[in-house]
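Since the model is a prediction, treat every value here as computed from it, not as a measurement. Any value given below was found using the heavy atoms of this structure, including those in side chains, with hydrogens, waters and symmetry copies removed.
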Amino acid sequence: GAGVSQSPRYKVAKRGQDVALRCDPISGHVSLFWYQQALGQGPEFLTYFQNEAQLDKSGLPSDRFFAERPEGSVSTLKIQRTQQEDSAVYLCASSLGGGGGPADTQYFGPGTRLTVL
Amino acid sequence: AQSVSQHNHHVILSEAASLELGCNYSYGGTVNLFWYVQYPGQHLQLLLKYFSGDPLVKGIKGFEAEFIKSKFSFNLRKPSVQWSDTAEYFCAVNAYDYKLSFGAGTTVTVRA
């Protein structure tokens with residue numbers, strides 16, 4: 001596709017429910033990132049994949065958050081036992097290469113707005 | 001870890017006015033710098049980026065930014081704004097790694 005796509009665009013969950021958020025990166029992009037954007041704030045890094053390898057998960061807020069990218073393309077961010085503080089927009093981004101060089105501009109998807117009641 | 005601060009939370013101006021948004025970062029090493037824009041109802045889009053070379057960077061839609069290393073700044077400018085520039089603007093930095101650190105964003109409202 002032409003850009004990064006995410007689904008669902010909106011998700012409402014009751015506290016305690018598990019949710020799964022999907023990201024389809026730009027075809028051929030090696031790197032994939034997840035960010036969390038709270039209301040009125042800039043995005044904050046959650047985790048990073050290079051192909052299927054999760055190289056950095058230092059931004060995941062707790063062990064209730066889990067991300068995978070088993071075949072090096074589509075990625076899923078899973079949140080178990082959701083809490084109200086998990087309410088945010090979850091952004092996915094992809095880049096052609098990996099490592100912070102000129103080829104590594106990150107292109108963002110539209111995000112999934114998660115509301116936990 | 002690097003941090004990014006954007007000086008203005010909300011800027012309101014009239015069409016044809018000039019715009020300057022401040023961005024400062026805290027990191028002593030080599031950095032890559034970005035400005036992203038989010039128009040109402042749309043996703044984050046790259047406006048411009050700086051990796052090396054000429055510190056004055058030109059981006060899309062008439063925007064430019066100047067990297068001043070001694071001031072740890074990367075301010076965004078546009079000489080004459082249009083109503084369609086109404087959006088939220090984010091400054092972002094990455095350093096030795098791939099993680100983008102974002103500022104809190106500046107909402108720009110342009111009155112017709």
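F33(A) is not listed as a side-chain neighbour of L100(B), based on a closest heavy-atom distance of 4.5 Å or more. Inter-residue side-chain proximity for P43(A) and F90(B) is flagged as met; some heavy-atom pair is nearer than 4.5 Å. Two residues are said to be in side-chain contact when any heavy atoms from C-beta on lie closer than 4.5 Å; F51(B) and D104(A) fail this criterion. Two residues are said to be in side-chain contact when any heavy atoms from C-beta on lie closer than 4.5 Å; P110(A) and Q42(B) fail this criterion.
Atom OH in Y98(B) sits 3.5 Å away from atom CG in D56(A) (nearest 0.5 Å). Here the NE2-OG distance, from H43(B) to S5(A), works out to 10.5 Å after rounding to the nearest 0.5 Å. How far CD of Q106(A) is from CG of L46(B): 10.5 Å, rounded to the nearest 0.5 Å.
Heavy-atom neighbours of E71(A) CD from other residues, nucleotides or ligands within 6.0 Å: at or below the threshold of 12. Counting heavy-atom neighbours within 6.0 Å of R15(A) CZ, excluding the residue itself, gives a total of 12 or less. In the displayed structure, H10(B) atom NE2 is contacted under 6.0 Å by more than 12 heavy atoms of other residues, nucleotides or ligands. Summarising the local packing, OH of Y10(A) is surrounded by 12 or fewer heavy atoms from other residues, nucleotides or ligands at distances under 6.0 Å. The environment of Q54(A) atom CD is dense: over 12 non-hydrogen atoms of other residues, nucleotides or ligands sit within 6.0 angstrom.
With hydrophobic clusters built from ILVMFWY side chains whose heavy atoms lie under 4.5 angstrom apart, V31(B) shares a cluster with F72(B). If you chain together hydrophobic residues whose side chains sit under 4.5 Å apart, L55(A) and L60(A) never meet in one group. In the hydrophobic clustering of ILVMFWY residues, with side-chain heavy atoms under 4.5 Å counting as a link, L47(B) and V4(B) come out together. Hydrophobic clustering of Ile, Leu, Val, Met, Phe, Trp and Tyr side chains at less than 4.5 Å, counting indirect connections, unites F63(B) with W35(B). Clustering ILVMFWY residues whenever any of their side-chain heavy atoms sit less than 4.5 angstrom apart, transitively, puts L19(B) in the very cluster that holds V37(B).
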### Query
Run the side-chain contact (heavy atoms from CB on, under 4.5 Å) check on S58(A) and K99(B) step by step: do they pass?
CA-CA 11 Å; S58(A) 62; K99(B) 302 177 193 178; 3.1 Å; yes

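Remark: the backbone N or O of Y107(A) is not paired with any side-chain donor or acceptor of Q45(B) at under 3.5 angstrom.
Residues of residues 35-42 of chain A that come closer than 4.5 Å to chain B, counting heavy atoms only, are Y35(A), Q37(A), G40(A), Q41(A), G42(A), ordered by residue number.
For F45(A) and F102(B), the ring centers sit 6.0 Å or farther from each other.
Contacts of L44(B) with chain A are made by both backbone and side-chain atoms, with heavy-atom separations under 4.5 Å.
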